[in-house]
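Report on one structure; see the data block that follows.
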Amino acid sequence: ADFNITKAVLNIIADTKSKVYSTADPALTYTVTGFVNGDTESIITGSLSRATGENVGTYVINQGTLTVSGNYDITYTSADFNITKAVLDVVADAKSKAFGTADPALTYTVTGFVNGDTESSITGRLSRVAGEIAGIYAITQGTLRAGNNYEINFISADFTIIERLTVDTYTLTNVTCNGGSDGSVTVNIIGGTPPYPYSWSPYGGTEATATGLAAGSYTVTVTDANGSRVIRNFNITQPQVVAPPIAEEIQEFCRAANPTISDLKIEGTQVKWYASDSATQELSGNTPLVDGTIYYATQTINGCESPERTLVIITLNEQLPAPEGATLQHFEKGATIADLVVAPSNSIWYASYDDAVNSINMLSPTTELVDDATYYAVSIAEGQCPSLPFAVTVNVTPGVTFKYYPNPVEDYLNIQSTRIVERIEVYSLLGQLVKEQNFQSKEVKLFLGDLSGGTYAVSIQFKGKKSTVKVVKK
């Protein structure tokens, strides 16, 4: 009979293997059990194989060409060969938009394609966290996919909604003086994306501050880096024109007083005087006035000088000579200023020297004379300066009853008195004695027919008394 020796069984178990998409296959290995009689793996020939395919998935590892010499049968246990996804790095690009505008397209950059693949294998698109107020929002992967062979490693970025470009605040300085050009505007921009180019119209430059502006309307246009634009209008104003000061066009002064610029009479604020209507050098207050010269004045209000000037023409008058007459004159009680005798007869009278030189407190012709008082006469005439004062002291005595007539007189002046007339003296208005005659009678006739026409002071002397009257000779 036969003695059969049957084959021993070798248990070969394939090892599970894997690789990343598009990389080389690793070696297919296995484990063996069941060797006897000192046999080893050297008696195994051939190699395992796997199901064909390079896309991501699971493939069976087959026995392939693996065989063993005649003493063994193989019991083969399969395993899986896994192809895993390659990694694509998708990096979102940071994006922004101005408040109230449409979102820009969300873009990205990709690295990690293998096996000749391109971005055409990517589907879907990125998205962002919802919101429309100014702020920062995360950009998300959204529906972006890369097919079965790739795993996306997504790196987010910021989506910024920028506050609306606007003029937040501004500082406006109006023109200081009418016709000037010292106005300015400074704008403060918020929102948008710097840098901010500025454009001022009709002029003003390309900075945030426009200077050297005259009165008028100005427009600034600001554009940010994203093309957002804001336009703002401004109006620069100016004050009213400062009117010139007010003054009499012709002003007269006494040459002897040595008048100066400070003596000119004018109504205005911070008045300045100039030698011409275009002069820029101000005249000092102690500049002497010159006869026939025209001077020009401005006034300054709130730092603004009047563009128009007021002219004043100077006339320097000569001073009249002082009146003449008797420095001591005698009158009866009741005599008035009108009875004082000086030449010229139209002189005006004052009670003090200071009043006379300052032309104040002129005495009325009806002012009664006071005994032992001194009065001051000043000559006046149109176009000439008043004279220096002439002093007359009066002696007023109790009245003597007398009358004189006619007045005006042509030949004889009749005088009738309750007392004896002792002497009569006749003086010109210059105080010159032109006639004298002694009497001893209460009724006298004084011949004046030989005198020239004019006004005379007739001094009548009684016993112990003296009185002076004015008589007009025809």
Side-chain angles (χ1 to χ4, degrees), residues 243-301 305-306 308-329 337-338 340-365 367 369 373-394 428-431 455:
I246 300 172
E248 292 290 337
E249 184 172 325
I250 298 176
Q251 296 193 23
E252 299 184 16
F253 298 89
C254 292
R255 189 185 300 275
N258 297 318
T260 64
I261 286 290
S262 60
D263 295 313
L264 291 168
K265 304 296 187 295
I266 193 163
E267 295 179 13
T269 302
Q270 297 182 31
V271 173
K272 296 179 181 179
W273 288 96
Y274 299 92
S276 72
D277 61 355
S278 60
T280 57
Q281 180 63 47
E282 180 184 0
L283 297 175
S284 65
N286 60 4
T287 302
L289 298 179
V290 178
D291 186 38
T293 299
I294 301 175
Y295 297 93
Y296 298 82
T298 65
Q299 68 170 331
T300 299
I301 298 176
E305 189 172 9
S306 60
E308 185 180 348
R309 298 183 177 187
T310 298
L311 66 86
V312 172
I313 304 171
I314 301 302
T315 298
L316 297 183
N317 295 321
E318 301 298 334
Q319 191 170 45
L320 289 168
E324 296 180 345
T327 58
L328 178 62
Q329 298 187 23
I337 288 292
L340 291 167
V341 181
V342 293
S345 59
N346 67 338
S347 299
I348 55 179
W349 292 88
Y350 298 91
S352 71
Y353 183 87
D354 286 344
D355 284 356
V357 296
N358 292 304
S359 299
I360 59 174
N361 303 321
M362 182 178 69
L363 295 176
S364 167
T367 302
L369 299 177
T374 298
Y375 299 92
Y376 298 86
V378 174
S379 297
I380 59 171
E382 183 71 24
Q384 291 183 287
C385 294
S387 70
L388 292 173
F390 173 72
V392 174
T393 302
V394 298
S428 70
L429 292 181
L430 299 177
T455 301

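Everything numeric in this text was worked out from a predicted model, so none of it was measured.
We find the CD1-CD1 distance between Ile246 and Ile266 to be 9.0 Å, quoted to the nearest 0.5 Å. Here the straight-line distance linking atom CD1 of Ile337 with atom CG of Leu363 works out to 5.0 Å at 0.5 Å rounding. Once rounded to the nearest 0.5 Å, the distance linking CG of Asp291 with CG of Leu316 reads 4.5 Å. Atom NZ in Lys272 sits 4.5 Å away from atom OG1 in Thr300 (nearest 0.5 Å). Atom OG1 of Thr269 is separated from atom CD1 of Ile301 by 4.5 Å, given to the nearest 0.5 angstrom. To the nearest 0.5 Å, atom CG of residue Leu369 and atom OH of residue Tyr375 are 5.0 Å apart.
Every residue two or more places apart in sequence or in another chain that forms a side chain to side chain contact (heavy atoms under 4.5 Å, CB included) with Asn361 is listed here: Asp355. Looking at residues two or more places apart in sequence or on another chain, you find a side chain to side chain contact (heavy atoms under 4.5 Å, CB included) between Ser364 and Thr366, Thr367. Residues that satisfy the side chain to side chain donor-acceptor pair (under 3.5 Å) test with Ser278, not counting sequence neighbours, are absent from this structure. Judged as a side chain to side chain contact (heavy atoms under 4.5 Å, CB included), and not counting sequence neighbours, the contacts of Leu311 are Glu249, Ile294, Tyr296, Ile313. Listed by chain and residue number, nothing satisfies the side chain to side chain donor-acceptor pair (under 3.5 Å) test with Gln384 (two or more places apart in sequence, or in another chain). For Asn358, the side chain to side chain donor-acceptor pair (under 3.5 Å) test picks out no residue, with sequence neighbours left out. Residues passing the salt bridge (charged side-chain N to carboxylate O under 4.0 Å, His left out) test with Glu305, sequence neighbours excluded: none. Under the rule for a side chain to side chain contact (heavy atoms under 4.5 Å, CB included), the partners of Thr260 that lie at least two apart in sequence or sit in another chain are Ser262, Asp263. With sequence neighbours excluded, no residue satisfies side chain to side chain donor-acceptor pair (under 3.5 Å) with Ser359.
Looking only at side-chain heavy atoms (C-beta outward), Val357 and Pro389 come within less than 4.5 Å of each other. Side chains of Trp349 and Val342 form a contact here, defined as non-hydrogen atoms less than 4.5 Å apart.
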| query | Given Tyr376 and Asp354, is the side chain to side chain contact (heavy atoms under 4.5 Å, CB included) satisfied, shown in steps? | reply | CA-CA 10 Å; Tyr376 298 86; Asp354 286 344; over 6 Å; no
| request: Check the pair Val341 / Leu429 against side chain to side chain contact (heavy atoms under 4.5 Å, CB included), numbers first and verdict last. | output: CA-CA 6 Å; Val341 181; Leu429 292 181; 3.1 Å; yes
| request: Carefully, step by step, assess Thr374 and Tyr353 under the rule side chain to side chain contact (heavy atoms under 4.5 Å, CB included). | output: CA-CA 9 Å; Thr374 298; Tyr353 183 87; over 6 Å; no
| task | May I have the step-by-step check of side chain to side chain contact (heavy atoms under 4.5 Å, CB included) for Tyr350 and Met362, ending in yes or no? | result | CA-CA 5 Å; Tyr350 298 91; Met362 182 178 69; 3.8 Å; yes
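Here the closest heavy-atom approach between residue Phe390 and residue Glu324 is recorded as CE2-C, 4.2 Å. Here the closest non-hydrogen pair linking Gln281 and Tyr274 is O-CD2, 3.4 Å. Of all non-hydrogen atoms in Val378 and Ser387, the two that sit nearest each other are CG1-O, 3.4 Å. The two residues Thr310 and Pro245 come nearest to each other via the heavy atoms OG1-O, 2.5 Å. Scanning both residues, Gln299 and Gly268, for their nearest heavy atoms gives OE1-CA, 3.3 Å. Nearest heavy-atom pair, Thr298 versus Arg309, reported as atom, atom and distance to 0.1 Å: CG2-CG, 3.3 Å.
Not a single donor-acceptor pair under 3.5 Å links the side chain of Gln251 to the backbone N or O of Leu264. Remark: the backbone N or O of Leu340 is not paired with any side-chain donor or acceptor of Gln329 at under 3.5 angstrom.
Screening Leu388, Leu320, Asn346, Ile348 against Ser379 for a side chain to side chain contact (heavy atoms under 4.5 Å, CB included) leaves a single residue, Leu320.
Residue pairs meeting the side chain to side chain donor-acceptor pair (under 3.5 Å) criterion with at least one partner in residues 313-323, sequence neighbours excluded, are Glu252-Asn317, Arg255-Glu318. Among residue pairs with one or both ends in residues 244-273, those qualifying as disulfide (SG to SG under 2.5 Å) are Cys254-Cys385; sequence neighbours excluded.
A side-chain N or O of Asn286 and one of Ser284 form a donor-acceptor pair less than 3.5 Å apart.
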